[in-house]
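Hydrogens, waters and symmetry mates are skipped; everything else that's a heavy atom, side chains included, is used.
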Amino acid sequence: MRLSTLSAIGAALLHSTAFAAGIETRPVSFQNEGVTLAGTLYLPADYKPGEKRPGVLVTGAWTSIKEQMSGLYAEEMAERGFIALAFDFRGWGQSGGNIRFKEDPAAKTDDIVAAADFMATLPEIDAGKIAGLGICASAGYMAAAASGNPDFTAISLVAPWLHDKAIVERIYGGADGVSRLIATSREAEEAERNGQPRMIVAASANDSTALMYQIPYYTEPTRGLTPQYDNKFNLASWEPWLTYDSVATGDRLDKPTLIVHSEAAAVPQGTHAFLARLHGDASEIWLDGVTQFDFYDNPQHVTRAADAVAAHFERINRGS
């Protein structure tokens with residue numbers, strides 16, 4: 001099934017339900033590669049001890065932590081009856097790791113696999129009904145982690161940032177621009193090995209050297225610039241990030257997939273290329289005029305996306 005507009009799935013998906021208050025949150029931790037990762041578990045207000053509920057593992061945009069969009073969507077999933085987990089990747093937020101603030105797709109994918117393994121052990125979770133929700137950059141990581149992985153029954157990708165070599169070159173200054181950034185990355189890797197990691201500010205409204213200069217959400221204290229946000233970027237991130245082909249993860253994806261995106265959001269061309277590689281149960285919803293950052297925390301658009309994601313997971317859990 002492929003849907004080109006939101007209206008195609010019917011008005012029922014857009015209901016404005018008054019969800020119950022009282023979502024319970026619990027700090028949790030698990031291990032990967034000998035490192036402790038910190039997470040927050042979100043339980044529905046009507047959860048009763050001894051129950052087993054379907055689970056949703058939520059991951060967010062690059063440089064992000066669990067107190068940002070992944071935590072918000074985890075809460076949204078709990079409001080819709082799922083037990084959800086948001087966590088900090090190794091080297092970010094409250095999680096351990098000697099290498100800090102490095103956007104490493106392979107490492108983050110491995111952390112998602114470990115997080116799903118952990119969820120499957122929780123007594124509150126129906127281990128046969130764990131789904132993955134990847135937002136922005138982690139969409140590719142989520143797709144890769146779920147491929148061939150029996151812990152996952154389905155995935156959804158919201159505002160996915162999915163790129164390949166051609167898209168990377170268009171965004172980052174052509175082949176020469178990409179080569180310069182990779183050279184910077186290699187220099188930073190060498191410095192890291194010598195105990196001198198090279199960091200820049202991740203987001204700033206006034207520092208033009210920041211990774212994200214005058215970018216919405218991350219630079220706004222009422223939105224993504226939370227007190228917990230690391231707001232740092234390891235320059236050694238450039239090579240693994242720029243050489244990662246997240247579009248190609250669609251070739252291996254074997255789980256029922258829903259994508260919620262907008263042509264007004266980030267790199268929609270990457271999502272179209274990714275969708276063209278999918279086989280089997282795949283659906284797409286394109287919202288009109290929604291920016292990338294509005295998918296992160298605008299109540300109207302978050303509700304629409306979360307309703308669609310929940311409906312997708314519920315359909316798979318019913319076996320329909």
Within the 4.5 Å heavy-atom criterion, are [X] and [Y] side-chain neighbours or not?
X      : Y      : result
Met119 : Ile130 : yes
Pro216 : Arg223 : yes
Tyr73  : Gln68  : no
Thr25  : Leu41  : no
Tyr217 : Asn298 : no
Ile316 : Asp281 : yes
Phe82  : Tyr42  : no
Ile155 : Leu258 : no

Note: [X]-[Y] ion pair, threshold 4.0 Å (strictly below):
X      : Y      : value
Asp164 : Arg170 : no
Asp151 : Lys255 : no
Lys48  : Glu51  : no
Arg80  : Glu76  : yes

Quick one: pull up [atom1] in [X] and [atom2] in [Y] and give me the separation to the nearest 0.5 Å.
X      : Y      : atom1 : atom2 : result
Thr291 : His301 : OG1   : NE2   : 7.0 Å
Leu162 : Ser246 : CG    : OG    : 4.5 Å
Ile112 : Asn32  : CD1   : CG    : 11.0 Å
Glu284 : Thr257 : CD    : OG1   : 11.5 Å
Asp307 : His312 : CG    : NE2   : 14.5 Å
Leu211 : Met199 : CG    : CE    : 13.0 Å

Keeping [X] on the side-chain end and [Y] on the backbone end, is there a donor-acceptor pair under 3.5 Å?
X      : Y      : value
Gln214 : Asn206 : no
Thr40  : Pro27  : no
Arg277 : Arg252 : no
Asn194 : Gln196 : no
Asn149 : Ala145 : yes
Arg53  : Gly81  : yes
Ser95  : Gly91  : no
Thr184 : Arg180 : yes
Thr226 : Glu67  : no

Minimum heavy-atom separation for [X] to [Y], with atom names?
X      : Y      : result
Ala86  : Ala74  : CB-CB, 4.2 Å
Leu287 : Ser262 : O-OG, 2.9 Å
Pro44  : Ile83  : CD-CG1, 3.8 Å
Ala127 : Ala120 : CB-O, 3.7 Å
Pro268 : Ala265 : CD-O, 3.4 Å
Thr36  : Ser29  : CG2-CB, 3.9 Å

Non-neighbouring partners of [X] that pass ring pair (Phe, Tyr, Trp, His ring centres under 6.0 Å), sequence neighbours left out:
X      : value
Trp238 : Tyr172, Phe233
Phe293 : Tyr296
Phe87  : Phe30, Phe89
Tyr244 : Tyr141

- Give the intermediate values and the outcome of side-chain contact (heavy atoms from CB on, under 4.5 Å) for residues Thr63 and Asp230. CA-CA 8 Å; Thr63 82; Asp230 299 311; over 6 Å; no

- Task: Assess the side chains of Glu192 and Asn234: does a donor N or O sit below 3.5 Å from an acceptor N or O?
- Result: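 There is such a pair between these side chains.
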
- Query: Does any donor atom in the side chain of Gln94 or Lys66 lie under 3.5 Å from an acceptor atom in the other side chain?
  - Reply: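 Present: a donor and an acceptor within the cut-off.
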
Please tell me whether [X] and [Y] are part of a single hydrophobic cluster in this structure, the criterion being side-chain heavy atoms less than 4.5 Å apart.
X      : Y      : answer
Ile99  : Ile200 : no
Met142 : Trp62  : yes
Val113 : Val58  : no

Which residues pass the side-chain hydrogen bond (donor to acceptor under 3.5 Å, both in side chains) test with [X], not counting sequence neighbours?
X      : answer
Thr59  : Ser138
Ser179 : none
Glu33  : none
Asp207 : Thr209

- side-chain hydrogen bond (donor to acceptor under 3.5 Å, both in side chains): which pairs involve residues 121-131, sequence neighbours left out?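 The answer is Arg26-Glu124.
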
- Task: Report the residues that fulfil side-chain contact (heavy atoms from CB on, under 4.5 Å) with Thr243, sequence neighbours left out, ordered by chain and then residue number.
- Result: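 By the side-chain contact (heavy atoms from CB on, under 4.5 Å) rule, Thr243 matches Ile182, Glu239.
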
- Message: Quick check: Trp286 with His272 (ring centres under 6.0 Å apart)?
- Response: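 So the answer is yes for these two rings.
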
- For the residue pair Trp92 and Phe101, does the interplanar ring angle fall in the parallel (under 30°), tilted (30 to 60°) or perpendicular (over 60°) class?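 Rings of Trp92 and Phe101: perpendicular, as their planes differ by over 60°.
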
- Item | Non-neighbouring partners of Asp254 that pass salt bridge (Lys or Arg N to Asp or Glu O under 4.0 Å), sequence neighbours left out |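 So Asp254 forms no salt bridge (Lys or Arg N to Asp or Glu O under 4.0 Å) with any residue.
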
- Run the numbers on His163 and Trp241 for ring-ring contact (aromatic ring centres under 6.0 Å, His included), then give the verdict. CA-CA 10 Å; His163 66 216; Trp241 170 249; 4.7 Å; yes

- Message: Can you pull out every salt bridge (Lys or Arg N to Asp or Glu O under 4.0 Å) where at least one residue sits in residues 107-116? Sequence neighbours excluded, please.
- Response: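 Checked against salt bridge (Lys or Arg N to Asp or Glu O under 4.0 Å) - neighbours excluded - the pairs reaching residues 107-116 are Arg90-Asp110, Arg90-Asp111, Glu103-Lys108.
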
- Message: For Arg186, is the CZ atom crowded, meaning more than 12 foreign heavy atoms sit under 6.0 Å from it?
- Response: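 Counting neighbours around CZ of Arg186, 12 or fewer heavy atoms of other residues, nucleotides or ligands fall under 6.0 Å, so no.
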
